[in-house]
Student: 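Dropping a structure here in structure tokens format, bear with me for questions.
Here is the naming used below: chain letters follow the sequence lines, and residue numbers restart at 1 for every chain. Predicted model, so just to flag it, every value in this text is computed and none were measured.
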There are 2 protein chains.
Amino acid sequence: MARTDRKVSYSPTGKLADVTPEMAAAGVDAALRLLDGRWKMEILFQLFGGGVLRFSELERAIPAVSQKMLTQHLRELERDGLVTRTLHAQVPPRVDYALTAWGEALCPVLDALLDWAARRPAQPAPA
Amino acid sequence: MARTDRKVSYSPTGKLADVTPEMAAAGVDAALRLLDGRWKMEILFQLFGGGVLRFSELERAIPAVSQKMLTQHLRELERDGLVTRTLHAQVPPRVDYALTAWGEALCPVLDALLDWAARRPAQPAPA
DNA sequence: CTGGATCCTTTAAGATACTG
DNA sequence: CAGTATCTTAAAGGATCCAG
């Protein structure tokens with residue numbers, strides 16, 4: 001079988017069955033792009049577990065983030081379907097952010113990633 | 001309980017038990033940094049399943065990557081313990097790349113990520 | 001309170017040429 | 001064959017000011 005036709009057969013029952021390396025890589029890249037952003041993990045972990053936080057609460061919980069980036073990342077997470085944004089029509093305005101069911105479902109995946117990272121063998125001491 | 005003391009208790013048996021959101025986010029960020037790079041997924045998926053490829057074979061398998069980026073990403077993956085680099089002392093030189101056991105162990109994690117991404121609810125049609 | 005708009009800096013990535 | 005070195009470009013992120 002030619003190299004370019006090689007399939008990833010590592011997970012016979014999983015998503016990686018019978019796809020080319022290119023297809024698998026593209027799929028994972030697309031998934032990772034949803035999570036790409038300096039502060040997205042901070043935001044997600046503030047919301048995991050059913051948390052409902054206002055914009056200003058997220059600002060306080062993540063002191064290092066700028067308003068611009070917090071807004072931008074929240075908008076991306078909302079657009080991508082991980083978080084919901086609820087605007088309460090009152091003065092002053094109030095906006096609540098929470099995870100969607102699909103967003104919550106990311107938690108065990110990140111847990112698995114963390115578990116993998118924890119299994120990393122000891123590295124040679126840096127010179 | 002104060003917000004800043006809230007724990008992520010989603011995975012009682014997992015790595016996310018009893019850590020603050022900040023700690024969890026930092027850990028996941030560190031893990032994701034190992035995978036960050038335009039071509040790393042392409043490289044990894046070429047090697048998943050026990051593949052052993054030479055530099056030029058990777059170049060052919062991933063036509064769009066430049067020599068510079070291929071070298072750079074391979075070096076990072078080697079430094080981070082995901083791939084091994086074997087230099088055969090001969091002329092012309094020959095270098096083989098393969099995954100470490102830990103690198104191979106990433107495959108099921110990426111499979112889980114892909115499975116999560118596939119469960120994404122349908123988005124409203126873009127205007 | 002919850003942002004939007006603008007400007008500036010940093011970093012990743014691509015193009016190209018050259019070498020043991 | 002398997003890289004390095006240098007230059008240029010594109011994208012992400014940060015700082016600051018303004019507004020409903």
Student: When you measure from the side-chain N and O atoms of B:Ser66 to the phosphate of C:dT16, is any distance below 4.0 Å, counting only OP1 and OP2?
Tutor: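 For C:dT16, neither OP1 nor OP2 has a side-chain N or O of B:Ser66 closer than 4.0 Å.
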
Student: Using whole Å, report how far CG of A:Asp96 lies from P of C:dG3.
Tutor: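 Rounding to the nearest Å, CG of A:Asp96 and P of C:dG3 are 11 Å apart.
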
Student: Testing the basics here: between A:Trp116 and B:Leu106, what is the closest heavy-atom pair and its distance to 0.1 Å?
Tutor: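 What the structure gives for the nearest pair is NE1-N, 3.5 Å.
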
Student: Expressed as a whole number of angstroms, how long is the span from B:Phe55:CZ to C:dG20:P?
Tutor: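 Result: 18 Å.
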
Student: Tell me the bend of the helix from C:dC1-D:dG20 to C:dG20-D:dC1 as the angle between end helix axes, each from five pairs, rounded to the nearest 10 degrees.
Tutor: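 Rounded value for the end-axis angle: 50°.
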
Student: Return the minimal non-hydrogen interatomic distance between B:Arg54 and B:Asp96, and the atom names on each side.
Tutor: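 Distance-wise, the nearest heavy atoms are CG-OD1, 3.3 Å.
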
Student: Minimum heavy-atom separation for A:Phe48 to A:Glu104, with atom names?
Tutor: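 Heavy-atom minimum between the residues: CD2-OE1, 3.9 Å.
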
Student: Between A:Val65 and B:Ser56, which has a closest nucleotide on DNA chain D that is more 5'?
Tutor: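 Per heavy-atom nearest nucleotide, the more 5' residue is B:Ser56.
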
Student: Could you walk me through whether A:Leu58 and A:Val65 pass side-chain contact (heavy atoms from CB on, under 4.5 Å), step by step?
Tutor: CA-CA 9 Å; A:Leu58 284 167; A:Val65 73; over 6 Å; no

Student: Please assess A:Leu110 against A:Phe45 for the test side-chain contact (heavy atoms from CB on, under 4.5 Å), listing each intermediate value before the final yes or no.
Tutor: CA-CA 10 Å; A:Leu110 298 183; A:Phe45 277 102; 3.9 Å; yes

Student: Which heavy atom in A:Ala98 sits nearest to a heavy atom in A:Val52, and how many Å separate them?
Tutor: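 Looking at all heavy atoms of both residues, the closest pair is CB-CG2, 4.1 Å.
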
Student: Side-chain heavy atoms under 4.5 angstrom apart, residues restricted to Ile, Leu, Val, Met, Phe, Trp, Tyr: same cluster for A:Leu87 and A:Leu47?
Tutor: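 Per the 4.5 Å side-chain linkage, A:Leu87 and A:Leu47 are co-clustered.
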
Student: Would you mind reading off the distance between A:Glu59 atom CD and C:dT2 atom P, rounded to a whole angstrom?
Tutor: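 Spelled out: CD on A:Glu59 to P on C:dT2 is 8 Å.
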
Student: Hey, where on DNA chain D does chain A first and last touch, going 5' to 3'? Cut-off is any atom under 4.0 Å from a heavy atom.
Tutor: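 Answer, 5' to 3': D:dG13 to D:dG20.
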
Student: Return the value, rounded to whole Å, for the distance between atom CD of A:Gln67 and atom P of C:dT2.
Tutor: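 About 9 Å, once rounded to whole Å.
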
Student: If you look at every heavy atom in B:Trp39 and B:Met69, which pair is closest and at what distance?
Tutor: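 Closest pair (atom of B:Trp39, atom of B:Met69, distance): CD1-CB, 4.0 Å.
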
Student: I need the B:Leu74 CG to B:Lys40 NZ distance, nearest 0.5 Å.
Tutor: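 The distance works out to 9.5 Å.
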
Student: I need the minimum non-hydrogen distance between B:Gln46 and B:Leu53, along with the two atoms involved.
Tutor: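 Smallest heavy-atom distance, with atoms named: O-CD1, 3.9 Å.
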
Student: What string of B, S and - do you get for nucleotides 5-13 of chain C 5' to 3' if you count protein non-hydrogen atoms under 4.0 Å?
Tutor: -B------B

Student: Is it true that A:Asp29 and A:Arg33 have a side-chain N and a carboxylate O under 4.0 angstrom from each other?
Tutor: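 Salt bridge: no.
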
Student: Quick check on C:dT2: is either OP1 or OP2 less than 4.0 Å from any side-chain nitrogen or oxygen of A:Arg85?
Tutor: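 Looking at the OP1 and OP2 atoms of C:dT2, neither is under 4.0 Å from any side-chain N or O of A:Arg85.
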
